[in-house]
Amino acid sequence: MLTSPAYLILSCVALVVAAPENITRHQSDCSAWGKVAKDLRSTLVGGDGALTDNGRASVRVPFHDCFPGACDGSIILANECTDRPENGQMIPICGILGQKAKDFNVGTADIIQLAGALSIRAAGGPNIGFYAGRQDSSTANPAGQMPGQNDPADKIIGDFRAKGFSPNELVALLGAHTVAKNRAGQALDTTDARWDNVFYSETEDLRAPATLNSDKAVSRASDTRRTWSGFAGDSGAWESMFIPAMQKMTTMGNDAGSLTDCSRVISDAFQR
């Protein structure tokens with residue numbers, strides 16, 4: 001079970017919403033998740049060791065499953081991936097993860113979070129941890145919750161505040177765009193195969209191959225620009241904020257204290 005100091009804090013602040021109908025709670029078995037993690041690696045990482053497009057999408061899916069209301073797998077189980085325009089780029093990985101959840105008889109909500117954590121680690125990022133035991137749901141979360149790529153900064157900051165995230169946590173989470181591409185397939189920084197803080201400086205200075213209007217707006221907003229610049233100059237500061245913010249994101253709608261710490265499967269998946 002979760003016992004780390006950071007996670008004890010998370011258990012107090014993680015957002016818990018009313019459980020939707022049609023839920024399934026999956027038992028946590030770290031040995032089973034170890035097998036899943038090793039299998040997923042070939043989907044997320046290419047033969048050259050670089051993150052695949054499925055790996056990139058896997059970093060994004062956790063946000064789109066959790067942010068509308070709960071990390072419950074409904075992006076796959078309730079067809080939110082295919083039915084909502086903001087999820088269109090993730091349809092292939094949603095299909096892959098949904099099938100693997102069935103093949104391994106594991107939770108869909110959990111496999112989404114595992115794939116995200118594996119992809120971050122594969123790109124050279126930190127081990128954000130993996131905690132198993134979320135409730136799956138085939139009931140869709142509310143639509144219209146995801147911030148748009150053309151939204152102004154005040155709306156995005158407000159949307160995240162409404163979900164329990166500070167402006168600083170918002171800026172830290174946007175750093176996941178370091179391995180992202182826009183809808184046209186253009187990278188959002190020049191080191192898009194590597195998890196680093198180049199995204200912040202290149203967005204700030206308009207030197208990235210492509211920049212989302214929403215990212216540009218947040219980088220310049222009065223509530224967030226100082227933190228943005230700070231992360232551009234200090235990758236350690238970014239990582240120290242990103243890890244707990246991401247852990248908080250990945251437990252939305254669940255009782256964090258009831259989840260089982262299977263974080264070791266992340267490191268084990270990359271051992272030869």
Side-chain angles (χ1 to χ4, degrees), residues 15-24 40 43-44 52-102 107-117 119-120 134-165 170 173-174 176-177 179-186 188 210-215 217-218 245-246 248-254:
L15 300 177
V16 178
V17 299
E21 298 177 357
N22 303 320
I23 61 173
T24 301
L40 275 175
T43 298
L44 307 175
T52 64
D53 282 344
N54 282 325
R56 296 173 192 278
S58 291
V59 175
R60 189 177 177 189
V61 178
F63 291 90
H64 286 241
D65 186 42
C66 298
F67 198 81
C71 307
D72 58 10
S74 60
I75 191 170
I76 294 172
L77 297 172
N79 300 317
E80 295 168 12
C81 208
T82 54
D83 294 347
R84 297 181 179 179
E86 66 266 25
N87 298 332
Q89 284 181 296
M90 293 174 284
I91 291 175
I93 192 60
C94 284
I96 291 169
L97 295 179
Q99 186 59 51
K100 287 188 181 294
K102 293 178 182 178
T108 302
D110 284 340
I111 203 171
I112 287 170
Q113 302 305 327
L114 175 61
S119 296
I120 290 170
R134 294 168 183 79
Q135 292 183 359
D136 278 354
S137 175
S138 58
T139 300
N141 277 305
Q145 299 295 301
M146 292 302 300
Q149 63 178 358
N150 292 310
D151 284 350
D154 58 349
K155 181 181 185 304
I156 297 169
I157 293 168
D159 287 346
F160 271 78
R161 275 200 174 116
K163 300 291 185 179
F165 294 88
L170 161 63
L173 291 170
L174 286 178
H177 284 170
V179 293
K181 294 181 179 179
N182 65 11
R183 291 177 184 172
Q186 298 170 298
L188 301 186
T211 297
L212 302 181
N213 289 332
S214 53
D215 287 342
V218 173
M246 191 65 182
K248 184 165 135 182
M249 171 74 74
T250 64
T251 57
M252 288 177 66
N254 289 269

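If you read the sequence from its start, that first residue is 1, and numbering goes on from there.
- For the side chain to side chain donor-acceptor pair (under 3.5 Å) test, no residue two or more places apart in sequence or in another chain qualifies with Asn54.
- Rounding to the nearest 0.5 angstrom, the gap separating the CG atom in Asn254 from the SG atom in Cys71 is 6.5 Å.
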Practice problem: Just do the side-chain contact (heavy atoms from CB on, under 4.5 Å) check on Arg84 and Met146 with the steps written out, would you? | Solution: CA-CA 10 Å; Arg84 297 181 179 179; Met146 292 302 300; over 6 Å; no

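- Between Thr250 and Arg134, the closest side-chain pair of non-hydrogen atoms falls below 4.5 Å.
- Across Ala109 and Gly73, no two heavy atoms sit closer than the pair CB-N, 3.4 Å.
- Under the rule for a salt bridge (charged side-chain N to carboxylate O under 4.0 Å, His left out), the partners of Asp53 that lie at least two apart in sequence or sit in another chain are Arg56, Lys181.
- Side-chain contact between Pro62 and Met246: present, with at least one pair of heavy atoms (C-beta onward) separated by less than 4.5 Å.
- For Phe63, the ring-ring contact (aromatic ring centres under 6.0 Å, His included) criterion is met by no residue, not counting sequence neighbours.
- Considering only residues two or more places apart in sequence or on other chains, Ala180 meets the side chain to side chain contact (heavy atoms under 4.5 Å, CB included) condition with His177, Leu188.
- With sequence neighbours excluded, no residue satisfies salt bridge (charged side-chain N to carboxylate O under 4.0 Å, His left out) with Glu86.
- Rounding to the nearest 0.5 Å places CG of Leu114 at 9.0 Å from OG of Ser119.
- Between Phe160 and Phe67, the ring planes are tilted. Angles from 30° to 60° get that label.
- Partners of Asn213 by side chain to side chain donor-acceptor pair (under 3.5 Å), not counting sequence neighbours, listed by chain and number: Asn150.
- Considering only heavy atoms from C-beta on, Leu40 comes within 4.5 Å of Ile111 through its side chain.
- When all heavy atoms are compared, the tightest approach of Ala78 to Ser138 is CB-O, 3.4 Å.
- Contacts of Lys155 classified as salt bridge (charged side-chain N to carboxylate O under 4.0 Å, His left out), with partners at least two apart in sequence or in another chain: Asp151, Asp159.
- With sequence neighbours excluded, the residues forming a side chain to side chain donor-acceptor pair (under 3.5 Å) with Asn182 are Gln186, listed by chain and number.
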Please set out all donor-acceptor pairs under 3.5 angstrom arising from side-chain atoms of residues 90-99, sequence neighbours excluded.
from	atom 1	to	atom 2	distance (Å)
Gln99	NE2	Asp103	OD1	2.9

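- A distance of 4.0 Å separates CD in Gln113 from SG in Cys66, rounded to the nearest 0.5 Å.
- At a threshold of 4.5 Å between non-hydrogen side-chain atoms, the residues Asp65 and Ser74 count as touching.
- Residues Asp215 and Thr211 approach most closely at CB-CG2, 4.5 Å, considering heavy atoms.
- Using a distance-only test at 3.5 Å, with no hydrogens or angles considered, a donor-acceptor pair links the side chain of Thr52 to the main chain of Gly55.
- The salt bridge (charged side-chain N to carboxylate O under 4.0 Å, His left out) check on Arg60 picks up nothing, with sequence neighbours excluded.
- When atom types are taken as modelled, the side chain of Glu80 and the backbone of Asn141 share a donor-acceptor pair closer than 3.5 angstrom.
- One distance of note links CG of Asp136 with CD1 of Ile76; it measures 9.0 Å at 0.5 Å rounding.
- Within the structure, the salt bridge (Lys or Arg N to Asp or Glu O under 4.0 Å) test picks out the following pairs touching residues 87-101 (sequence neighbours left out): Asp39-Lys100.
- Expressed to the nearest 0.5 Å, how far CD1 of Ile75 lies from CG of Asn87 amounts to 4.0 Å.
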